[in-house]
Amino acid sequence: MQVTSNPDIWNSTAIEGKEKSFPLNSSADLDPLMKRIGEAPCVLLGEASHGTHEYYAWRTAITKRLILEKGFNFLAVEGDWPDCYTVNKYIKGHFQPDVTAYEILQQFKRWPTWIWANWEIESLISWLKQYNDDLHPDKKIGFYGLDIYSLWESIHLTLDYLKKADPAAASLAQNAILCLKPYIEDEKRYSQLSETGTCREILLQLLNEIQGKIRVNNKDSEDAWNAEQNAQIALVAEEYYRNIQVNEIAWNLRDTHMSEILNRLMKFHGQGSKAIVWEHNTHIGDARFTNMKNKGMVNVGQLARESFGEENVILVGFGSHRGTVVAGKEWNSPIEIMSMPAAGIGSVEEILHHESPENKLLIFNKNDNKKRFNKELPHRAIGVVYRPENELEKNYVPTVLSSRYDAFLFLDKTRALYPMHIPADGNKIPETYPFSY
């Protein structure tokens with residue numbers, strides 16, 4: 001998403017008073033957030049960039065407490081389904097014992113690789129695997145991808161599955177691959193050259209075949225369900241790439257798809273299932289309280305509230321004042337560790353820094369923090385493409401903070417995360433967390 005600011009919000013009248021907040025120094029300081037979450041079965045955890053260490057560290061702390069204290073049973077992330085499903089199988093013990101989390105994460109090869117192929121995630125999935133080792137197979141924590149990009153990967157995996165499970169149906173997947181072959185696995189080429197619905201009917205036929213037969217007849221229900229999800233993703237991704245040139249249409253296709261996968265995951269895990277979601281703030285913060293609403297755009301946070309009910313969904317935003325971040329200057333450009341300048345005057349981040357330059361947690365409910373942040377203010381959003389010199393023009397979303405989120409973690413000074421594709425100092429595994437869990 002291209003984030004652009006409304007110039008008028010920078011001229012907003014300063015807000016008086018100081019927000020009620022809780023200091024953040026260790027996992028124990030998350031108690032007010034755990035209380036706010038209560039029995040809600042769906043918790044969405046954001047990030048203000050895709051390349052900040054502290055966002056991963058604090059989301060990990062929250063995730064562990066949700067699993068240990070509140071019985072959450074799967075994590076869904078802003079990643080491709082095929083790669084994340086391999087992580088899912090790894091943490092559930094389906095690989096040989098000598099396979100490491102590091103080796104599993106090397107499969108994330110699509111740019112931007114650093115979002116999931118980083119040492120912070122290595123630590124998390126190593127913990128999840130260890131936690132799962134002592135659980136019954138039906139109780140093991142899952143790890144899934146919500147994103148839409150894996151058109152070619154998903155259709156090839158569908159074919160691989162059908163060759164073993166239903167050879168007669170495998171020809172449908174082979175036909176889909178032949179239809180897509182002229183575009184040489186190039187999404188931009190497909191968006192420019194494909195005619196409306198070029199391969200859609202074949203992909204739809206394949207999905208219907210799987211839904212009608214494979215899931216019913218196969219004993220390994222999750223792998224059969226995985227094949228169905230790959231067929232579903234291929235169908236939606238085909239439509240997404242045909243519309244990728246129109247930002248609003250492509251955005252809504254993507255976030256609606258991610259919301260639908262989340263809904264299917266909840267149903268697949270059965271009654272009482274509880275979901276943790278990791279995505280960027282622009283996906284998890286309710287779009288109705290940003291300028292996205294004016295463009296007719298929706299997002300996962302909004303759709304989750306509408307689908308499950310606001311009392312059953314907790315949206316947790318993140319932000320920071322200054323530091324360093326991992327990003328690229330252009331799409332597919334080399335990744336860099338960039339300086340992130342101090343937040344713009346009048347932004348959410350600058351206001352919270354001005355109050356006190358410390359990490360803090362804000363809880364939004366009927367009694368606390370609803371008055372001060374109930375007006376539109378600039379709120380920083382950094383994507384995988386970032387140019388710090390253009391930040392004020394392109395990296396702030398007009399936001400009503402107290403309605404967009406149910407809670408907000410402000411981390412005053414942050415640093416870049418640790419991508420696996422950038423060697424650590426002295427070739428040592430970096431120390432990724434500033435506190436123990």
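Quick note: numbers below take in every heavy atom, side chains included, and nothing from hydrogens, waters or symmetry partners.
By the neighbour-count criterion of 12 heavy atoms within 6.0 Å, atom NE2 of H94 is densely surrounded, having more than that number from other residues, nucleotides or ligands.
Partners of Q245 under the side-chain contact (heavy atoms from CB on, under 4.5 Å) rule, at least two apart in sequence or in another chain, are S191.
A salt bridge does not link E120 with R59: every distance from a Lys NZ or Arg NE/NH1/NH2 to an Asp or Glu carboxylate oxygen is 4.0 Å or more. Ionic pairing of D286 and K293 is not present here: no N-O contact between side-chain nitrogen and carboxylate oxygen is shorter than 4.0 angstrom. The residues E222 and K140 are annotated as not salt-bridged, no charged nitrogen and carboxylate oxygen being separated by less than 4.0 angstrom. A salt bridge links R380 with E391; the closest basic N to acidic carboxylate O contact falls under 4.0 Å. Classification of E306 and R288 as a salt-bridged pair holds, one side-chain N sitting under 4.0 Å from a carboxylate O.
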Practice prompt. Please lay out, stage by stage, how D80 and K109 fare under the test salt bridge (Lys or Arg N to Asp or Glu O under 4.0 Å).
Written response: CA-CA 11 Å; D80 289 340; K109 296 178 181 179; over 6 Å; no
Discussion item. Before you tell me yes or no, could you show the steps for Y102 and W119 under ring pair (Phe, Tyr, Trp, His ring centres under 6.0 Å), namely the whole-Å CA-CA distance, both residues' side-chain angles and the distance that decides it to 0.1 Å?
Written reply: CA-CA 8 Å; Y102 174 84; W119 289 105; 5.4 Å; yes
Discussion item. What verdict does the ring pair (Phe, Tyr, Trp, His ring centres under 6.0 Å) test give for F408 and H379, after you've listed the backbone C-alpha separation in whole Å, the side-chain angles of each residue and the deciding distance to 0.1 Å?
Written reply: CA-CA 12 Å; F408 187 75; H379 174 24; 5.5 Å; yes
Discussion item. Walk me through whether Y190 and E238 qualify under side-chain hydrogen bond (donor to acceptor under 3.5 Å, both in side chains).
Written reply: CA-CA 9 Å; Y190 190 80; E238 187 275 338; 2.7 Å; yes
Item to complete: Please lay out, stage by stage, how K92 and N88 fare under the test side-chain hydrogen bond (donor to acceptor under 3.5 Å, both in side chains).
Response: CA-CA 6 Å; K92 291 180 177 178; N88 177 65; 3.2 Å; yes
Discussion item. Assess the residue pair D223 and Y85 against the criterion (side-chain hydrogen bond (donor to acceptor under 3.5 Å, both in side chains)); give the C-alpha distance rounded to whole Å, side-chain angles, the decisive distance to 0.1 Å, and a yes or no.
Written reply: CA-CA 9 Å; D223 270 358; Y85 191 72; 2.6 Å; yes
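W111 has its ring centre no less than 6.0 Å from the ring centre of W116. Separation of the Y144 and H269 ring centroids falls under the 6.0 Å cut-off.
If you run side chain to side chain contact (heavy atoms under 4.5 Å, CB included) between V300 and each of T256, I284, L44, only L44 comes through.
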